[in-house]
Structures are given as C-alpha cells and as structure tokens.
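In this text, all values refer to a predicted model and were calculated from it rather than measured experimentally. In what follows, every heavy atom counts, from backbone to side chain, and hydrogens, waters and symmetry copies are set aside. Throughout, numbering of the chain's residues begins at 1 and tracks the sequence.
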Amino acid sequence: MTETLLRGRTLSFLRWPDSVDDHAAYRYEEDGGLLLRDGTIVAAGAYADIAARAGSCVQVIDHRPHLLLPGFIDAHVHVPQMQIIASYGAELLDWLNTYTFPEESHFRDAQHGRRIARLFLDEMVRQGTTTVAAYCSVHRQSAEAFFAEAHDRNMLTIAGKVMMDRNAPDGVLDTPQSSYDDTKALIGEWHGRGRQHYAVTPRFAITSTPEQMEMAGALMREHPDLHMQTHLSENHAEIAFTQQLYPWSKDYTDVYEHYGLLGKKSLFGHCIHLSERESDAMSETGSVAVFCPTSNLFLGSGLFDYQRYRQREKPIRIAAATDVGGGTSYSMLRTMDEGYKVIAQNGEKLTPFASFWQMTLGNAQALSLDDKVGTLDAGTDADIVVLDSRATPGMRLRMERVETLAEELFLLQTMGDDRAIREVYVAGRPAKSTMEMAAA
C-alpha cells in the first residue's frame with residue numbers, strides 16, 4: 001500500500017465566508033499535512049500530527065512555502081472551441097454562426113476529437129483545474145474521445161454530447177431520435193465508469209425543436225441521477241428569438257421548466273437577464289446559474305448579478321466557469337479576477353476567501369459533487385492544486401508587502417495564472433509535472 005504525505009500550507013473551506021474576518025468558514029494550517037492513499041485523502045491536519053500517523057514507507061513531498069488547496073472546478077466549458085478562443089468582434093448569435101458551428105463541424109473526425117480532448121485536459125491541468133462540466137460537439141465520437149481521455153487520466157468530469165437539431169449548419173445537427181439514441185448509448189458506456197458522469201446536453205432552446213426537448217426531458221426522467229446542462233438568458237437577442245420559437249412560454253426559463261429540465265443537477269450557463277419569476281423558478285427547483293464572467297464581458301452579454309442572486313429571499317445556487325471559447329481564459333484564477341470586477345460593477349465586492357470558496361467547495365456543491373471533490377477532508381478524492389504566490393517577478397515584489405492570507409489570495413486571484421500553479425494532483429498522482437516531463 002503506497003502512501004504519500006504532502007507538506008505545505010493547507011487551505012480548504014467549510015462554508016461560504018461571510019467576510020475576510022470569517023475565520024470559521026475555512027480550515028488553514030501554516031504547516032499542514034495531507035496523507036494520500038489509493039487516490040484518496042485519508043488524513044488532513046497539522047503536519048506533525050499527520051506525519052505521526054503515516055506508515056514508515058510513506059513518501060514525503062514538501063511543498064513549503066506554497067499553498068495546497070482542493071483542485072479547481074470549472075462548471076461550464078466547451079471542449080470543441082479551443083481553436084476559436086480569441087475570435088474577434090461578434091455578439092452571441094453571430095459568434096455561434098461565424099465561429100462556433102463551423103469549428104464544431106470538424107469534430108465529425110474522431111481523430112480530431114481525440115487530439116483536442118487530450119490538449120484540452122492538458123490545459124485544464126496546467127491551470128490547476130481538476131474537474132470540469134464539459135460540452136462536447138454534436139458528434140457522438142467527440143464525447144467518446146473526451147470521456148476516454150478523462151478516464152485514462154482518472155479525472156472526475158461531467159460531460160455530454162450536445163443535442164441540436166435546428167438553426168445551425170447540417171454538419172452540426174442531429175435529429176430528436178438520433179440525439180436520444182446516441183445519448184442513451186453514451187450513458188450506458190460512460191456514466192459511472194471510473195470518475196465519469198454524464199450530462200444530458202441540449203445546447204439551448206434555439207437549437208432544439210420541441211421534439212428534441214421532449215427527448216431531453218425523457219432522458220432525465222429515465223436517468224434521474226444525471227446532470228443536465230444548457231444555456232439560459234445570456235443575450236437579449238437570444239431571449240427574443242427563444243420567445244419567437246416557443247410563443248406559448250411565459251419566458252425563457254419556462255421552456256426548460258415545461259420539458260422537466262429544471263432541478264438540483266441542472267446547470268444553466270449565464271443566466272444574466274432573469275426576471276423575478278425566472279429567478280424564483282430556479283430557486284424553487286434548486287437549479288444552478290453558472291457565472292461566466294470573461295465570456296459575458298467578451299461577448300458584451302451583460303453583468304451577472306452574483307450578490308443579488310445569492311442574497312435574494314429565494315436565493316439561486318451559483319457556480320462559476322470559464323466558458324471557453326466564448327470566455328477568454330482557461331484559468332479559474334483569471335475567471336474569478338474578472339468575476340470580482342463584474343460584481344464590483346454591480347456595487348458589491350467579493351472577498352478573496354469567497355472567490356476561492358467558489359472555485360473549490362462552492363462549485364463542488366453546485367455540481368452536487370462535494371462528497372468527492374472541493375475539499376481536503378479525509379475520505380474525499382485527492383485532487384489538489386499547489387499555488388506559488390511568488391511565481392512571477394511582479395508577484396514576488398507584491399508579496400514583500402503582503403501580511404495576511406486574504407491579501408495573498410487576492411494577489412493570486414489578481415495576478416496569478418498558469419505560472420502560479422506549481423503542481424496538480426489528480427486522484428493522488430502528480431499530473432502537471434508528469435505532463436511537462438512527457439512534453440520535454
């Protein structure tokens with residue numbers, strides 16, 4: 001039995017931090033230890049205490065003075081869009097037609113899908129992200145490639161083949177029946193295999209006919225333990241077009257509600273322009289609004305009202321995500337830096353503790369995975385990120401004046417990127433250094 005003992009400054013969260021002085025919201029050890037065995041954290045606490053519990057043959061890896069946190073979680077990301085990130089000058093619907101749909105048509109080639117899945121997960125590891133909720137293309141083989149690559153790495157992922165049967169080019173369309181059949185086959189092959197989870201994935205109401213939405217609802221009734229992921233209320237033109245396509249609906253959210261797609265494992269990307277009725281429906285069903293700040297800014301979609309959604313009488317569950325390629329960075333650090341600015345534009349401030357809670361435990365809870373990831377608790381999966389607050393000359397200089405943990409976290413969020421990610425452990429195994437050695 002192989003044991004590994006990680007030493008460093010450990011930080012994980014117990015609940016939402018109400019302020020920078022809410023020390024009861026997190027667990028921090030200046031000299032901490034994490035004992036890993038068979039992909040699981042078996043003990044966490046002060047290094048001296050954990051070392052005393054370790055076996056005589058334990059491998060000790062000393063990461064001091066760096067911070068050890070749960071691996072970051074990205075709650076909404078498009079795998080097929082890697083080669084159109086940083087595409088100029090369009091709002092949502094034009095962006096989809098000009099860049100996204102032509103790019104996703106390449107994924108009919110299974111070899112292309114395998115290459116991009118590999119490069120995508122490499123990039124996630126480089127950025128300290130260990131779990132993603134991912135959209136594949138409409139092609140069944142793209143989802144197969146993604147799941148196979150994630151399974152080989154023993155990464156915990158949620159993913160699904162996009163369902164879309166109208167308002168897009170032929171090369172990225174399926175049919176109601178083929179989307180149902182392909183999804184059923186993928187569920188049978190991949191859901192619950194290793195650390196893989198399937199998400200029923202109608203892209204959004206605009207690209208699915210009522211018949212296909214019925215199929216998505218049927219899949220959720222047949223497999224109530226699955227996640228569901230789609231898009232909602234990102235852009236005013238999108239909302240207006242949806243109302244034209246579904247004239248009987250009360251609003252955009254009502255379309256998904258009608259087909260039985262709201263629920264505690266339902267992830268709705270963007271949710272910028274929700275009415276009070278829609279917000280109540282989201283809250284009452286436990287559905288999740290996924291905040292994608294870099295994408296919302298880049299496409300000019302609007303400002304997600306994070307604090308209002310969280311603090312309203314009927315609060316909405318919230319996750320955060322990169323949304324690449326509509327987003328502008330694969331990094332959850334960069335994402336929450338932009339998120340801070342979006343929230344500031346709405347007259348609120350997000351504390352650095354709240355940002356790191358969101359990237360870890362907050363997203364794990366939103367994805368209903370907090371029994372597995374998002375913490376450093378004993379019994380959870382050993383997905384861990386090691387952060388270097390002095391990774392660049394500018395960060396080193398700023399650290400000369402940093403006096404508190406909150407200031408250090410805010411520095412990491414504001415100036416950090418992939419260079420601040422010193423190591424990543426996926427199910428207890430070092431992933432970033434291994435990947436870099438293989439590439440050298």
Side-chain angles (χ1 to χ4, degrees), residues 1-12 29 31-44 47 50-51 54 57-74 77 82 115-132 148-157 194-195 322 329-334 356 359-360 373-376 380-393 395-396 399 408 412 415-440:
M1 185 182 301
T2 302
E3 290 186 333
T4 303
L5 176 56
L6 306 184
R7 187 175 190 178
R9 298 158 56 225
T10 56
L11 173 65
S12 63
E29 294 283 352
D31 186 7
L34 300 173
L35 185 61
L36 316 182
R37 183 190 306 142
D38 298 328
T40 301
I41 299 172
V42 295
Y47 175 76
I50 303 305
C57 297
V58 67
Q59 178 190 16
V60 179
I61 302 175
D62 193 343
H63 286 295
R64 292 177 298 172
H66 305 315
L67 283 163
L68 278 64
L69 281 85
F72 299 148
I73 299 167
D74 189 341
V77 60
M82 290 192 81
R115 175 177 181 249
I116 297 299
R118 173 174 52 81
L119 295 173
F120 174 84
L121 290 171
D122 281 352
E123 191 62 35
M124 291 298 99
V125 168
R126 247 176 25 89
Q127 303 289 351
T129 297
T130 53
T131 286
V132 295
E149 186 67 30
H151 184 64
D152 285 348
R153 297 165 187 247
N154 204 15
M155 290 181 75
L156 193 162
T157 69
R195 304 179 75 198
T322 63
S329 175
Y330 297 99
S331 166
M332 288 303 297
L333 294 173
R334 308 285 359 102
F356 279 82
M359 286 185 270
T360 57
V373 293
T375 79
L376 299 179
T380 60
D381 297 347
D383 291 349
I384 299 156
V385 62
V386 181
L387 300 179
D388 179 1
S389 305
R390 296 172 176 82
T392 67
M395 294 174 73
R396 282 196 294 276
M399 278 295 289
E408 183 179 0
L412 280 162
M415 297 183 72
D417 54 28
D418 58 289
R419 294 169 292 181
I421 311 299
R422 284 295 292 259
E423 182 59 280
V424 178
Y425 292 87
V426 173
R429 294 185 175 181
K432 186 173 184 183
S433 60
T434 302
M435 181 183 73
E436 290 171 345
M437 288 173 60

Out of R419, R422, R396, R9, which one pairs with D388 under the salt bridge (Lys or Arg N to Asp or Glu O under 4.0 Å) rule? R422
Answer yes or no: is there a side-chain heavy-atom contact under 4.5 Å between [X] and [Y]?
X    : Y    : value
R7   : I50  : no
R334 : D417 : yes
F356 : L333 : yes
T129 : Y330 : no
I41  : Y425 : no
D62  : Y47  : no
E408 : L11  : no

Charged N-O contact under 4.0 Å between E3 and R37: yes
To the closest 0.5 Å, what do you measure between [atom1] ([X]) and [atom2] ([Y])?
X    : Y    : atom1 : atom2 : result
R390 : L412 : CZ    : CG    : 10.0 Å
M415 : M399 : CE    : CE    : 11.5 Å
Q59  : T2   : CD    : OG1   : 8.5 Å
I73  : T131 : CD1   : OG1   : 5.5 Å
E436 : D122 : CD    : CG    : 10.0 Å

Heavy atoms only: give me the nearest [X]-[Y] pair and the separation to one decimal.
X    : Y    : value
M155 : T130 : CE-O, 3.5 Å
L376 : L68  : CD1-O, 3.7 Å
V58  : A54  : CG1-CB, 3.8 Å
K432 : I421 : NZ-O, 2.6 Å
A420 : M395 : CB-CE, 4.3 Å
R153 : R118 : NH2-O, 3.1 Å

Measure from the side-chain N and O atoms of E423 to the backbone N and O of S433, and report whether any donor-acceptor pair falls under 3.5 Å. yes
Between D381 (side chain) and D383 (backbone), is there a donor-acceptor pair under 3.5 Å? no
Assess, by modelled atom type and distance only, whether the side chains of E29 and T10 contain a donor and an acceptor separated by less than 3.5 Å. no
With a 3.5 Å cut-off and no angle check, do the side chains of D74 and T322 form a donor-acceptor pair? yes
So, applying side-chain contact (heavy atoms from CB on, under 4.5 Å) with L5, which one of I61, L34, L35, L36 is it? L35
Check against side chain to side chain contact (heavy atoms under 4.5 Å, CB included), M332 and Q127: CA-CA 7 Å; M332 288 303 297; Q127 303 289 351; over 6 Å; no
When you look at V132 and M124, which way does the side chain to side chain contact (heavy atoms under 4.5 Å, CB included) test go after all the steps? CA-CA 8 Å; V132 295; M124 291 298 99; 3.5 Å; yes
